[in-house]
Q: 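First the structure, then my questions, so here it is.
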Amino acid sequence: MKIIMLGAPGAGKGTQAKMIAEKYSIPHISTGDIFRANIKGGTELGMEAKKYMDQGQLVPDELTVKILLDRVAKDDCKNGYVLDGFPRTIPQAEVLDKALSELGDAVDYAIDVDVPDENIINRMGGRRACVTCGATYHMVHVPPKQEGICDKCGSELILRDDDKPETVKKRLDVYHAQTQPLIEYYTKKGILKSVDGTVDMMDVFAKITDILG
Ligand code: ADP
Ligand code: AMP
């Protein structure tokens with residue numbers, strides 16, 4: 001099963017993608033996580049990506065597409081995957097479709113987690129991410145057991161640089177201009193499914209599992 005998660009930054013794509021990955025035993029692939037791991041590791045890719053991420057902009061397609069195609073070619077992707085944060089532009093979607101069609105394959109579902117901009121600003125300010133394992137929390141909606149500490153690995157929780165309010169606004173503008181057109185792209189392909197992302201995360205997940213079966 002090959003699934004794409006669509007939605008504004010902070011809509012809950014990562015939260016849902018992790019649960020989908022666990023239930024259906026497929027890898028969760030987040031291009032944002034791959035970039036952050038590279039930034040942490042001080043790689044050349046990480047240093048290049050950081051310039052764009054800190055500005056709330058998209059990393060150029062040339063860089064992003066290559067890391068994604070390398071990742072989905074790995075063995076653990078044989079039975080499918082859930083993509084979180086990719087594609088974010090029409091050209092990225094076209095490259096993925098072309099690569100899959102050359103293998104006689106295609107994306108099965110594009111799930112749009114729909115959350116209005118007003119809710120997003122609040123969500124992002126409260127998001128806390130683990131510096132080590134990438135687990136995400138929300139200070140109000142999904143608090144860790146101990147403030148500032150990851151339940152899963154005990155590391156420190158931080159507010160991501162790009163979750164600061166000025167950058168979130170920019171990221172929403174970029175989302176509307178460059179990523180939202182993908183909703184029409186996948187609607188035309190007949191695989192778009194929209195879910196209300198403003199309700200409790202377990203209710204969002206229930207709607208998604210109704211769709212995926
Ligand atoms: P995305 O991957 O789309 O950027 P996340 O999954 O990281 O978004 O979610 C953004 C923030 O909102 C996180 O702090 C997360 O814990 C919280 N969150 C996710 N889903 C919900 C929900 N249904 N209701 C309230 N808060 C949520
Ligand atoms: P995310 O963790 O998905 O919110 O992504 C964080 C940041 O990484 C984004 O704001 C972009 O700068 C960059 N990024 C992640 N995925 C992509 C992508 N598919 N295309 C371009 N930039 C991306």
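In listed order, ligands and their atoms are each counted from 1. Only a predicted model underlies this, so the values are computations on that prediction, with no experimental measurement involved.
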Q: So, regarding Gln92 and ligand 2 (criterion: nitrogen or oxygen to nitrogen or oxygen, under 3.5 Å), is there a contact or not?
A: yes

Q: Between ligand 2 and Arg36, is the shortest N or O to N or O distance under 3.5 Å?
A: yes

Q: Just go through Phe35, Tyr175, Phe86 and tell me whose heavy atom is the nearest to atom 23 (C) of ligand 2.
A: Phe35

Q: Below the 3.5 angstrom mark, is there an N/O of Gln57, backbone or side chain, next to an N/O of ligand 2?
A: yes

Q: Which residue and atom name correspond to the protein heavy atom nearest atom 20 (N) of ligand 1, and how close is it?
A: Arg123 NH1, 3.8 Å

Q: Tell me which protein heavy atom sits closest to atom 14 (O) of ligand 1, plus the residue, atom name and distance to 0.1 Å.
A: Tyr137 O, 2.8 Å

Q: Flag Asp33 as yes when one of its N or O atoms lies below 3.5 Å from any N or O atom of ligand 2, and as no otherwise.
A: no

Q: Report yes if Val204 has an N/O atom closer than 3.5 Å to an N/O atom of ligand 1; otherwise report no.
A: no

Q: What is the closest protein heavy atom to atom 23 (N) of ligand 1, and at what distance does it sit?
A: Val199 O, 2.8 Å

Q: Would you say Tyr175 ends up clustered with Val59 if hydrophobic residues are merged whenever their side chains have heavy atoms under 4.5 Å apart, either directly or through other cluster members?
A: yes

Q: Where on Lys13 is there a heavy atom closer than 4.0 Å to ligand 1, on the side chain, on the backbone, on both, or on neither?
A: both

Q: Using heavy-atom distances, let me know which of Ile67, Val59, Leu83, Thr64 sits nearest atom 22 (N) of ligand 2.
A: Val59

Q: Of the listed options (Ala129, Gly14, Gly7), which comes nearest to atom 2 (O) of ligand 1 when hydrogens are ignored and any heavy atom counts?
A: Gly14

Q: Just let me know how Val113 lines up against ligand 1, side chain, backbone, both or neither, with a heavy-atom cut-off below 4.0 Å.
A: neither

Q: Closest non-hydrogen protein atom to atom 4 (O) of ligand 1, residue and atom name please, with distance?
A: Gly10 N, 2.8 Å

Q: When you compare ligand 1 with His141, is there at least one nitrogen or oxygen pair between them that comes in under 3.5 angstrom?
A: no

Q: Between Ala11 and ligand 1, is there a nitrogen or oxygen pair with a distance under 3.5 Å?
A: yes

Q: Could you tell me whether Thr198 approaches ligand 1 through its side chain, its backbone, both or neither, with non-hydrogen atoms closer than 4.0 Å?
A: neither

Q: I'd like to check which ligand 1 atoms, numbered from 1 as shown, lie under 4.0 Å from a non-hydrogen atom of Asp200.
A: 23 (N)

Q: Out of Lys13, Gln178, Arg88, indicate the one that has the non-hydrogen atom closest to atom 1 (P) of ligand 2.
A: Arg88

Q: Which protein heavy atom lies closest to atom 8 (O) of ligand 1, and at what distance to 0.1 Å?
A: Gly12 N, 3.2 Å

Q: Any idea which atoms of ligand 2 are less than 4.0 Å away from a heavy-atom of Gly32?
A: 2 (O), 5 (O), 15 (C), 16 (N)

Q: What atoms in ligand 2 come closer than 4.0 Å to a heavy atom of Asp162?
A: 6 (C)

Q: Under a 4.0 angstrom heavy-atom cut-off, which atoms of ligand 1 come close to His138?
A: 14 (O), 16 (O)

Q: Is the closest heavy-atom distance from Asp203 to ligand 1 below 4.0 Å?
A: no

Q: Please check whether Thr15 reaches ligand 1 - meaning an N/O of the residue sits under 3.5 Å from an N/O of the ligand, judged on distance alone.
A: yes

Q: Based purely on interatomic distance, does Tyr52 place a nitrogen or oxygen under 3.5 Å from a nitrogen or oxygen of ligand 2?
A: no

Q: Looking at Arg171, which atoms of ligand 2 are within less than 4.0 Å of one of its heavy atoms?
A: 4 (O), 10 (O)

Q: Any nitrogen or oxygen of Gly85, main chain or side chain, under 3.5 Å from a nitrogen or oxygen of ligand 2?
A: yes

Q: Between Glu166 and Lys170, is the closest basic N to carboxylate O distance under 4.0 Å?
A: no

Q: If we set the cut-off at 4.0 Å for heavy atoms, which region of Ala8 has an atom near ligand 1: side chain, backbone, both, or neither?
A: backbone

Q: Look at atom 7 (C) of ligand 2 and find which of Met53, Met5, Lys51 reaches it with the closest heavy atom.
A: Met53

Q: Can you report which non-hydrogen protein atom sits closest to atom 7 (O) of ligand 1, along with the distance?
A: Arg127 NH1, 2.6 Å

